[in-house]
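Note sheet for the following structure.
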Amino acid sequence: MNYQQQAQQWQALFRQKQQGSFLSRVLLWLVAGIMLVFAMGVLLFVLMLSWLLIPVFLYKRHQLRKQGKSFFEQAQQQQQGRSSDASGRVIEGEVLERKSDN
C-alpha cells in the first residue's frame, strides 16, 4: 500500500467522522468546555494556595534568621537527627518458614 492509498483512506475516514450529527458536536463542545472550566478552577485553586503559603514560609524563614541559622542548616540538622534515630533501631523477629530455591 503506497502513500496515496493510505492518504485516501484517511480522508475517507475523516469525511465519515465529519458527517456526525449536530447533537454529537454540541455535546462534544459542551464536554470540552466543562473540562476546560474545571481545569481552570483547579489551576486557580493551586495558584491561590501557593499565594497563601508564601507568608507562612517567609515567617518560618524569618524565625530561623532570628535564631541565627540558615534554612539549609536547619534542614541539615533535622536530617542528621533522623538518620541517627534510624541507625539505633533494632527490628526483632523470627523466621517461621524458609522457602528454598531448589
Report yes or no: do Val46 and Ile54 belong to one cluster of Ile/Leu/Val/Met/Phe/Trp/Tyr joined by side chain heavy-atom distances under 4.5 Å? no

Side chain to side chain contact (heavy atoms under 4.5 Å, CB included) against Leu23, all qualifying residues, sequence neighbours excluded: Ser21

What distance do Gln6 atom CD and Gln11 atom CD have between them, rounded to the nearest 0.5 Å? 11.0 Å

Partners of Met48 by side chain to side chain contact (heavy atoms under 4.5 Å, CB included), sequence neighbours excluded? Leu44, Trp51

Any Ser50 side-chain heavy atom under 4.5 Å of Leu47 side chain: yes

Hey, what else clusters with Leu30 if you join Ile, Leu, Val, Met, Phe, Trp, Tyr whenever side-chain heavy atoms sit under 4.5 Å? Ile34

Would Met35 and Val31 count as a side chain to side chain contact (heavy atoms under 4.5 Å, CB included) here? Give the steps. CA-CA 6 Å; Met35 287 176 51; Val31 169; 4.1 Å; yes

Residues in side chain to side chain contact (heavy atoms under 4.5 Å, CB included) with Trp29, at least two apart? none

